[in-house]
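Just so you know, these numbers come straight off a predicted model, no measurement behind them. Throughout, protein chains are lettered first and strands after them, A, B, ... in sequence-line order, and every chain is numbered starting at 1.
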Amino acid sequence: MIELEPSYNPKQYEQKWYQNSVKKKHFSAALNTEKVPFTILMPPPNVTSQLHMGHGLGYSIQDLLTRWKRMKGFNACWLPGTDHAGIATQMMVEKELEKEGLTRRGLGREKFVERLTTWKDKYGGIILEQFKTMGFSCDWDRLAYTMDPKLSEAVRYVFVKLYREGLIYRGERLVNWDTALQTAISDDEVESKEINGSLYYFRYPIEGSDTFIPIATTRPETMLGDTAVAVNPDDDRYKDLIGKKARLPFVDRLIPIIADNYVKSEFGTGAVKITPAHDPNDFEIGKRHSLAFINVMTEIGTMADNTPPPFRGMDRFLARKEVVKQMKLLGLFDEEKAYKTTLPHSERSKTIIEPRLSLQWFVKMKELAEPAADAARSGDLQFHPESWRKTYLYWLDNIQDWCISRQLWWGHRVPIWYCRACEGLSTGITDPTHCEHCKSAEIVQDEDVLDTWFSSWLWPLSPFGWPDEESKLKDLNYFNPTDVLVTAPEIIFLWVARMAMVNLKFRQTLPFKHVYFNATVCDKQGRKFSKTLGNGIDPLEVIEQYGADAVRFTAISLAPLGGRVRMEKADFEHGSRFVNKIWNAARLIFQHLEPSQALTPLRELPLTLAEKWLIHRFKEAALRINSNLDTFRVNDAVEEMHHFIWGALCDWGLECAKTDLSSTDISVKNRALSVLVYVLDGALRLAHPVMPFVSEELWHKLPAHPDWGKRPDSLCLAGYPEAELLPSFTEEAKLWKTIQDIISGIRSVRQQMGLPPKEELPAFIRVDSELRETVSNAEDWIKRLARVSQITTGQDIKRPNQSLTSIGKGFEIYLPVGGLIDIDKEVKRLKTEDQRLKKILAGLNSKLDNENFVARAPEDVLEQTRAQKLNMEEQIAAIKKNLDALS
RNA sequence: GCGGCUAUAGCUCAGUUGGUUAGAGCGCCACGUUGACAUCGUGGAGGUCCCCUGUUCGAGUCAGGGUAGCCGCACCA
C-alpha cells in the first residue's frame with residue numbers, strides 16, 4: 001500500500017511544489033514558434049499594495065486559464081508585473097514624512113524621489129511574494145515594472161511620437177484640482193458624493209439703476225471671480241436687463257448680464273452668476289461669450305492675492321461663510337435654503353475637487369478612440385459579460401481629452417523642455433541639450449510627471465520589448481495580441497479602453513480579443529471590501545487556515561461572471577472539505593495499491609457496468625469542463641469538476657469498487673485498480689488548474705497508468721483530458737442509471753418507513769425484459785449499497801404479502817418486511833406518490849388532448865410526451881395494485 | 001436625467017438556443033458510521049420561478065408594461 005495521512009495538510013506540500021516548478025521553470029514561456037502561444041496580461045497591482053481578496057479571485061481565474069491552456073499544450077505566458085502607482089505611492093511616503101515632521105517640498109525633489117525609491121525597494125513587490133503563496137503560475141522571467149528603464153523608454157517613445165503628431169498638446173483648461181495633493185487628477189479618479197449643502201440667494205446691484213438682479217449659488221466664495229451674470233434669452237423677467245451691467249460687490253467690478261440657453265429659468269432665480277475659472281459649465285459659457293477668466297484661488301484652496309480682505313488668504317470654505325456674512329451686512333442677502341447636491345471628490349485624498357484653471361498636458365482622444373470603438377462594434381473585441389460593451393462604447397463615443405500631467409514627483413517626468421531664450425518647446429527620445437528651435441542651451445524640463453495610466457496603457461507592448469526593433473520584437477509579435485484580459489470592471493476606461501487604443505494606434509491590432517470582468521468581492525451584506533470598513537477577508541489568513549487550493553477553489557466557484565460575490569471566511573470550508581475529499585479518495589485507492597502494481601490498459605480489461613459508467617462519466621465531465629472554460633464560464637467549470645469527483649467518482653465509483661479492491665482474486669483487484677488509477681489520474685488533471693497543490697502531490701504518488709502515456713516532470717505540464725480522445729460507453733451509462741434508480745429507490749423506501757439500516761431485507765425486483773440481464777448482473781452492487789440480503793429478479797415477480805414498494809421507470813421493487821410493516825404509513829406514502837404522479841399525468845393528457853399541440857409540436861417532443869404518458873400510467877397502475885394489496 | 005444589471009428553496013446562486021417531474025452548495029430535520037473521509041454517508045422537508053399583459057401548441061426562459069433592489073455615467077447654478 002501507499003501511505004497517506006488521514007487528512008490533507010496544505011502547508012506540507014504547497015511551497016514544496018511551487019518552488020519546484022519555479023526552479024525548473026515550468027511557468028516560463030520562452031519564445032517557441034513550434035507552439036501556439038496563450039498569453040494573459042496580469043493587471044499589474046500597485047507596487048505598494050498588499051494582496052486582498054479581489055486579487056485572490058481575479059488572479060485565481062487567470063491562473064486557472066493559464067494552467068489549463070499550458071496543460072493543453074499551449075505555450076502559456078502569464079505576464080506578471082507591478083505598477084508604480086504615482087499618486088498612491090507618493091501619498092504613502094508623504095504620510096511617512098509627515099510623521100517625521102518633514103514635507104516633500106522641504107526635502108526637495110531629488111531627495112524625495114530617492115526616498116520614494118528606497119521605500120519602493122523595501123516595501124514594493126511584497127504582493128508578488130504573496131502571489132507565490134496563492135500558487136500563481138506566472139512567467140517570473142518576464143517580471144516587469146512600469147518604471148523599469150525599458151518600460152520607461154516606451155513611455156518616452158509614445159509621448160514623443162504623439163506629441164510630434166500633434167496628438168499631445170498643452171492647454172489651459174479647468175482640471176480636477178486636488179487641493180490636498182496639489183495636483184490635477186483625471187476625471188476617472190474623481191468620485192461623486194452627495195453633500196448636504198445650501199443654496200444661497202443674493203442680489204447684485206444693476207449699474208445705473210437702483211434695481212437688482214437676484215442670483216442663486218451654492219458657492220458664494222467664487223463670486224469674487226464672477227465675470228458675468230447669465231439669464232435665459234426667453235425669460236421675460238430679465239429680458240430688459242440683457243446687455244446691462246451688474247456691479248459685483250466687494251471687488252467693485254462691472255460684469256455684463258448675458259443671455260445663454262444653458263440657463264434654466266425654473267431653477268433658483270433664473271439668473272446665474274458666471275465664474276469661468278471655477279466651474280466647468282461657466283467655463284464653456286465664458287468661452288462662448290469671450291468673458292474674462294479670473295482665478296481667485298491658490299493651489300491649496302485658499303483665496304488668492306487678487307481677492308480683497310477679509311477674504312484674501314482665507315480657506316475656501318471659511319471664505320464661503322464670510323461672503324455670506326458680508327453680503328448680509330451689505331443687505332444683498334435674501335435667503336439660504338437647504339440643498340442637496342453631488343460634488344466631485346478626490347478618490348485619493350477624499351477632499352472636494354476644485355475645478356482649477358491651469359496649464360496641463362492633454363492627449364487628443366477622439367482620433368484614438370474611434371478604432372477602439374469600432375473594434376467593439378464589429379465584435380473583434382468581446383466583453384464577458386457582454387453588457388459592458390455598451391458602457392465601453394458610451395464612454396468612447398463621448399470621450400474627453402485625457403489630462404496626462406500630474407503635479408507629482410513620482411513617475412515618468414514629462415519629456416518637454418522649455419527654452420528660456422525663445423520660449424520654444426523641445427522633446428526627444430533622449431534628453432535634449434539644446435533648444436530644437438533656437439539651439440540655446442538654456443532649456444529646463446517640465447516639472448510635472450505623467451499620469452500613471454500613461455505607462456500602464458502600454459502594458460500589452462512595453463513588457464515584450466516594444467518599441468525596440470531588435471530581438472525582443474520577436475517576442476512582441478509572438479505574444480501580442482494576447483488572448484484574454486481578466487480584470488475588474490472599474491478600470492474599463494482607465495485601463496482597458498486605453499490599452500485597446502494605444503495597441504491599435506501603434507500596431508493596428510487589438511491587444512486582446514476577450515475581456516473578462518470578474519466579480520466584485522463583497523461581504524455578506526453586499527458591501528464592497530474596503531480598508532476603511534475593515535470588512536475584507538485577508539487571503540493570507542484564509543490560506544493559513546484552509547490552504548491555497550481551498551481558497552482558490554472556493555473563490556472561483558462562488559463567483560459568477562461579472563456580478564458580485566458575497567463572501568465570508570466560513571465559505572472557505574467548502575473548498576477545504578473538497579480538497580480533503582480528493583485526498584481521501586486517493587487514500588482509499590492507495591491503500592490497495594502496491595508500489596509494483598501492474599496496471600492494465602482499459603481496452604484489455606473486462607470492464608464492469610459500473611466501471612464503464614464511471615469512465616463514461618469522466619469523459620462527460622472533461623467535455624463539460626473544457627467547454628465551460630472555452631466560454632469563460634469558470635465557476636460552472638469548477639462546479640462540474642466538484643460534481644464529478646464527489647458525486648460520481650466518490651459516491652458511486654469508489655463505493656462500487658470497494659469489494660473488488662479487497663478481492664483475493666488478483667485479476668479482479670487489478671482490474672478495479674487499473675480503472676480507478678486511470679480515472680483518478682484524469683480527475684487530478686481536471687482539478688489541477690484550480691487546485692494545483694493537492695493534485696500535484698497525489699499525482700506524484702500515483703503510479704503511472706499506461707493509458708495516460710508518458711509522464712512529464714510535473715502535473716502542470718501533463719496533458720489535460722480532451723473528451724474526444726477518451727473512451728465512451730454511452731449505452732452502458734444509460735443502463736447504469738437504472739441500477740442507480742433501483743438502489744436509491746430501496747434506500748428511500750427503507751428510510752421513509754423507518755426501517756433499521758442494519759436490517760438486511762430480501763428484495764424482489766420485477767423488471768421489464770430488456771433490463772432483466774442488467775439487473776441480475778448488478779445484484780451484488782444492489783445488495784451492498786442498498787443493504788439487501790437476497791435478490792430475486794424476474795419479469796413476472798408476484799408481490800409478496802406485507803411488502804413495501806418502490807416503483808420506477810421499467811422496474812418495481814417489493815420489500816417484504818413482515819411484521820415490521822406499518823400499513824397506514826405505507827398507504828399514506830403510496831397515496832402521496834399516486835397523487836403526485838396523477839398530477840403529472842393530467843398535465844401530459846391535457847397537452848395530448850390539445851389538437852394544436854399534436855398538430856404543431858415537433859415529432860420528437862410529441863413522441864417524448866406520449867412515452868411519458870405511458871410510463872406514468874404504468875407507474876400509477878402499479879401503485880394502485882399495491883394499494884389494493886394493502887387494504 | 002441617461003445607460004446597464006438583478007429578482008428562482010431559509011441563505012448564496014445555476015437553469016445555454018422556449019420542450020421530460022425546475023437544480024446545486026450551504027442551512028434545516030431524521031437515521032446511520034470501528035476500515036478513504038464527522039472536513040463523512042443515506043434519506044427527507046422546503047419553490048404561486050416578483051406582479052400584470054401579450055406572443056406561442058407550449059414561457060422560469062421571449063416581447064411590452066409595472067414594482068423592488070443594485071451598479072455605472074452625467075449632472076442645475
Select base, sugar-phosphate, or nothing to describe what [X] touches, counting heavy atoms under 4.0 Å on all strands.
X	answer
A:D651	sugar-phosphate
A:R750	nothing
A:K839	nothing
A:Y546	nothing

Is [Y] paired with [X] through a side-chain N to carboxylate O contact shorter than 4.0 Å?
X	Y	answer
A:D660	A:K669	no
A:D822	A:K828	no
A:D834	A:K838	yes

Please name all residues satisfying side chain to side chain donor-acceptor pair (under 3.5 Å) with [X], sequence neighbours left out, ordered by chain then number.
X	value
A:K869	A:N845
A:R787	none
A:E336	A:S198
A:S744	none

Length of the [atom1]-[atom2] vector between [X] and [N], whole Å:
X	N	atom1	atom2	result
A:L755	B:A30	CG	C1'	14 Å
A:L629	B:U16	CG	C1'	16 Å
A:D397	B:G4	CG	P	14 Å
A:N852	B:U55	CG	P	13 Å
A:R784	B:G35	CZ	P	16 Å
A:N9	B:U39	CG	C1'	13 Å
A:L654	B:G41	CG	P	12 Å
A:F493	B:G4	CZ	P	14 Å

Are there any protein N/O atoms within less than 3.5 Å of an N/O atom in nucleotides 17-24 of chain B, and if so, which ones and at what distance?
from  : atom 1 : to     : atom 2 : distance (Å)
B:U20 : O3'    : A:Q868 : OE1    : 3.1
B:U21 : OP1    : A:Q868 : OE1    : 3.1
B:U21 : O2     : A:R836 : NH1    : 2.7
B:A24 : O2'    : A:E639 : OE2    : 3.3

If you check the [X] side chain, which of [options] turns out closest?
X	options	value
A:Q591	B:A36, B:U42, B:U16	B:A36
A:P757	B:C73, B:A77, B:G32	B:G32
A:Y262	B:U42, B:A77, B:A36	B:A77
A:D636	B:G72, B:G44, B:A14	B:A14

Pairs where residues 255-269 of chain A contributes a residue and the test salt bridge (Lys or Arg N to Asp or Glu O under 4.0 Å) is met, not counting sequence neighbours: A:D260-A:R288
In residues 576-587 of chain A, which ones come under 4.0 Å of RNA chain B, going by heavy atoms? A:S576, A:R577, A:N580, A:K581, A:N584, A:A585, A:R587
Can you tell me if the side-chain N/O atoms of [X] get under 4.0 Å from OP1 or OP2 in [N]?
X	N	value
A:S748	B:G44	yes
A:K390	B:G4	yes
A:W646	B:G41	yes
A:T341	B:A77	yes
A:Y392	B:G4	no

Pairing check on [N]: which nucleotide meets the Watson-Crick or G-U wobble criteria with it, both distances under 3.5 Å?
N	value
B:C28	B:G44
B:G58	none
B:A63	B:U53
B:G23	B:C13
B:C70	B:G4

Where protein sits on nucleotides 8-13 of chain B, one letter per nucleotide: B base, S sugar-phosphate only, - none, heavy atoms under 4.0 Å: ----SS
How many angstroms lie between CD1 in A:I589 and CE in A:M1, if you round to the nearest 0.5 Å? 13.0 Å
Between [N] and [M], how far is it from one [atom1] atom to the other, in whole Å?
N	M	atom1	value
B:G60	B:U48	P	14 Å
B:A7	B:G15	C1'	15 Å
B:C29	B:G46	C1'	11 Å
B:A45	B:A22	P	13 Å
B:G23	B:A9	P	14 Å

Side chain to side chain contact (heavy atoms under 4.5 Å, CB included) partners of A:K11, counting only residues at least two apart: A:N9, A:E544
Check against side chain to side chain donor-acceptor pair (under 3.5 Å), A:D226 and A:T275: CA-CA 4 Å; A:D226 283 0; A:T275 324; 2.7 Å; yes
Residues forming a salt bridge (charged side-chain N to carboxylate O under 4.0 Å, His left out) with A:K390, sequence neighbours excluded: none
Which residue pairs satisfy the ring-ring contact (aromatic ring centres under 6.0 Å, His included) criterion with at least one member in residues 546-567 of chain A, sequence neighbours excluded? A:F553-A:H574, A:F553-A:F578, A:F553-A:H642
Which is it for A:E863 and A:R866 under the salt bridge (Lys or Arg N to Asp or Glu O under 4.0 Å) test, yes or no, and what are the steps along the way? CA-CA 5 Å; A:E863 225 168 276; A:R866 286 195 179 116; over 6 Å; no
Closest-nucleotide mapping onto RNA chain B: is A:W652 or A:Y8 further toward the 5' terminus? I mean the 5' end. A:Y8
Please report, to 0.1 Å, the donor-acceptor pairs under 3.5 Å made by any side chain of residues 214-223 of chain A, with sequence neighbours excluded.
from   : atom 1 : to     : atom 2 : distance (Å)
A:T217 : OG1    : A:R219 : N      : 2.9
A:R219 : NE     : A:E221 : OE2    : 3.2
A:R219 : NH1    : A:E354 : OE2    : 3.2
A:R219 : NH2    : A:E221 : OE2    : 3.1
A:R219 : NH2    : A:E354 : OE1    : 2.9
A:R219 : NH2    : A:E354 : OE2    : 2.9
A:E221 : OE1    : A:R320 : NE     : 2.9
A:E221 : OE2    : A:R320 : NH2    : 3.0
A:T222 : OG1    : A:R219 : O      : 2.8
A:T222 : OG1    : A:K273 : NZ     : 2.7

